Amino acid sequence: MQEDMITGARFMGAVTMLIVAFVLALVHHNKIKSKVYNRSRWMLVFASLFLGIHMLVQFFGHYREESNGLAWTINLMCYTLSVPLYCQAILNLFRVGHGYKAIMWESSVFIVLCFIFFEIGLLTDSLIDDEQPYTTFHFFIAILFSFYILQATYRFWKEFKDPQRAYTDKQFKLRQDSMHYLSVPVKILAVILLSVPWVGMLGNLFFQSIYAMVTFVFLLWFDFRFYLLGFAVEE
């Protein structure tokens, strides 16, 4: 029963994220001139694509049934690519492109560091240990991941609290529209992201299934709100 649920959740997640990536790549294409919106749109396209491919890998590989630590490591590798894209897409909109290069470089350094630690763990045979996960490199990567998400959450909070810089009228409108459409989804996303590095540590397939389905429903809502934002940007 539990294995059927997790298999169904993987299939639903893979199909959902691949469809979302396809739709976001096409909607508003050549209709919106805003470089800021389009930059965030392509970030979300690739983030959704990575998540879809990740769920396909888990669906066909059945890695969690083989080893909880292996599945957790595969999850972290995918999230290392997709989560920074979500964070950058949001901050890019809320800051209307200001400071984008600095955020991009920070995320790039984070991704490179994570994959260096993945490689070190693999070479030293200390990446996966189902019996003592606290002694592995993927546990250390999960801690590093949590610090990254906390930093991103703090930046979201700063943007909600008060504009950090001066904007032109056009930039201010885009910022306000982004806040209107995405502020509530982003707050929920921040809570979900804080749990992302650690959910894979749990071996309960029933909990994994429920968590995955709730997360994918929320991501659909988030992407739909982003899609609606596009119509405000077009005006």
Side-chain angles (χ1 to χ4, degrees), residues 2-3 5-7 9-14 17 43 46-89 103-155 189-216 218-219:
Q2 291 185 3
E3 291 184 3
M5 286 188 65
I6 194 68
T7 299
R10 289 167 182 161
F11 181 76
M12 181 192 77
M17 290 297 100
M43 288 181 198
F46 284 108
S48 301
L49 185 62
F50 289 143
L51 286 175
I53 293 173
H54 160 248
M55 295 310 297
L56 279 180
V57 170
Q58 292 281 24
F59 176 75
F60 287 110
H62 298 283
Y63 295 109
R64 187 164 298 282
E65 291 83 340
E66 177 184 337
S67 166
N68 191 61
L70 176 59
W72 184 20
T73 301
I74 293 173
N75 287 351
L76 282 178
M77 292 180 71
C78 167
Y79 300 151
T80 297
L81 296 172
S82 57
V83 169
L85 286 172
Y86 273 102
C87 293
Q88 288 183 75
I103 297 171
M104 181 188 68
W105 278 110
E106 288 177 10
S107 296
S108 299
V109 169
F110 164 75
I111 292 171
V112 170
L113 278 177
C114 284
F115 276 96
I116 287 174
F117 290 131
F118 277 125
E119 185 67 20
I120 294 174
L122 187 63
L123 293 175
T124 58
D125 197 26
S126 57
L127 183 62
I128 300 170
D129 188 336
D130 287 335
E131 295 182 359
Q132 295 180 307
Y134 306 100
T135 63
T136 60
F137 263 94
H138 70 247
F139 182 80
F140 175 75
I141 294 168
I143 295 175
L144 180 63
F145 212 123
S146 294
F147 279 112
Y148 176 84
I149 295 170
L150 284 171
Q151 182 189 42
T153 302
Y154 174 68
R155 285 176 169 170
L189 179 64
V191 175
I192 292 177
L193 289 181
L194 287 171
S195 64
V196 158
W198 304 104
V199 170
M201 187 178 180
L202 304 177
N204 189 300
L205 293 180
F206 178 78
F207 177 81
Q208 292 278 351
S209 304
I210 298 302
Y211 179 86
M213 287 187 284
V214 170
T215 300
F216 288 128
F218 165 75
L219 287 176

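This structure is a prediction, so every number in the text was calculated from the model and none was measured. The basis for the numbers below is simple: all heavy atoms, side chains too, and nothing from hydrogens, waters or symmetry mates.
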J.: Counting only pairs under 3.5 Å, give me each side-chain donor-acceptor contact of residues 49-58, with atom names and distances, residues two or more places apart or in other chains.
T.:
from, atom 1, to, atom 2, distance (Å)
His54, NE2, Asn75, OD1, 2.6
Gln58, NE2, Ala71, O, 3.3
Gln58, NE2, Asn75, OD1, 2.9

J.: Rounded to the nearest 0.5 Å, what separates atom OG in Ser48 from atom CG in Leu219?
T.: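 Atom-to-atom, Ser48:OG and Leu219:CG are 7.5 Å apart.
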J.: If you take all heavy atoms of Leu127 and Leu122, which pair is closest and at what distance?
T.: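 Where Leu127 meets Leu122 most closely, the heavy atoms are CB-N, 3.9 Å.
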J.: Please name all residues satisfying side-chain contact (heavy atoms from CB on, under 4.5 Å) with Phe140, sequence neighbours left out, ordered by chain then number.
T.: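 If we apply the side-chain contact (heavy atoms from CB on, under 4.5 Å) test to Phe140, skipping adjacent residues, the hits are Phe117.
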J.: Would you say Phe46 has more than 12 foreign heavy atoms packed within less than 6.0 Å of its CZ?
T.: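 No - once you tally the heavy atoms of other residues, nucleotides and ligands closer than 6.0 Å, there are 12 at most.
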J.: If you look only at distance, which donor and acceptor atoms sit under 3.5 Å apart when one is on a side chain in residues 142-151 and the other is two or more places apart or in another chain?
T.:
from, atom 1, to, atom 2, distance (Å)
Ser146, OG, Ala142, O, 3.1
Ser146, OG, Trp198, NE1, 2.8
Tyr148, OH, Ser107, OG, 2.8

J.: Please find the pair of heavy atoms, one from Ala47 and one from Leu85, that lie closest to each other, and give the distance.
T.: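 Looking at all heavy atoms of both residues, the shortest contact is N-CD1, 3.6 Å.
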J.: With sequence neighbours excluded, tell me which residues meet side-chain contact (heavy atoms from CB on, under 4.5 Å) with Gln132.
T.: Asp129, Thr135
J.: Of the non-hydrogen atoms in Tyr211 and Ile192, which two are nearest, and what is the gap between them?
T.: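 The answer is OH-O, 3.5 Å.
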J.: Take atom CZ of Phe115 as the centre, draw a 6.0 Å sphere, and report whether it contains more than 12 heavy atoms from other residues, nucleotides or ligands.
T.: yes
J.: For Gly69 and Asp130, work out which heavy atoms get closest and say how close.
T.: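 Taking every non-hydrogen atom into account, N-OD1, 2.6 Å.
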J.: Please round to the nearest 0.5 Å and tell me the distance separating atom CD1 of Ile116 and atom CD1 of Ile111.
T.: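 Answer for the CD1-CD1 pair, Ile116 versus Ile111, is 12.0 Å.
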J.: Which atom pair, heavy atoms only, marks the closest approach of Gly13 to Phe216?
T.: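 Answer, listing the atom of Gly13 first, then Phe216: CA-CE1, 3.3 Å.
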J.: Restricting to side-chain contact (heavy atoms from CB on, under 4.5 Å), what partner residues turn up for Ser108, sequence neighbours left out?
T.: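 For Ser108 the side-chain contact (heavy atoms from CB on, under 4.5 Å) partners, ignoring immediate neighbours, are Met104.
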J.: Shortest non-hydrogen contact from Thr80 to Cys114?
T.: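 Scanning both residues completely, I find the closest heavy atoms to be CG2-CB, 3.6 Å.
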J.: Does any part of the side chain of Leu193, heavy atoms only, come nearer than 4.5 Å to the side chain of Val83, both counted from C-beta?
T.: yes
J.: So which pairs with a foot in residues 115-124 pass side chain to side chain donor-acceptor pair (under 3.5 Å), sequence neighbours left out?
T.: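 Found Thr124-Ser126.
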J.: Is there a side-chain contact (heavy atoms from CB on, under 4.5 Å) between Phe139 and Trp72? Walk through the geometry before answering.
T.: CA-CA 9 Å; Phe139 182 80; Trp72 184 20; 3.9 Å; yes
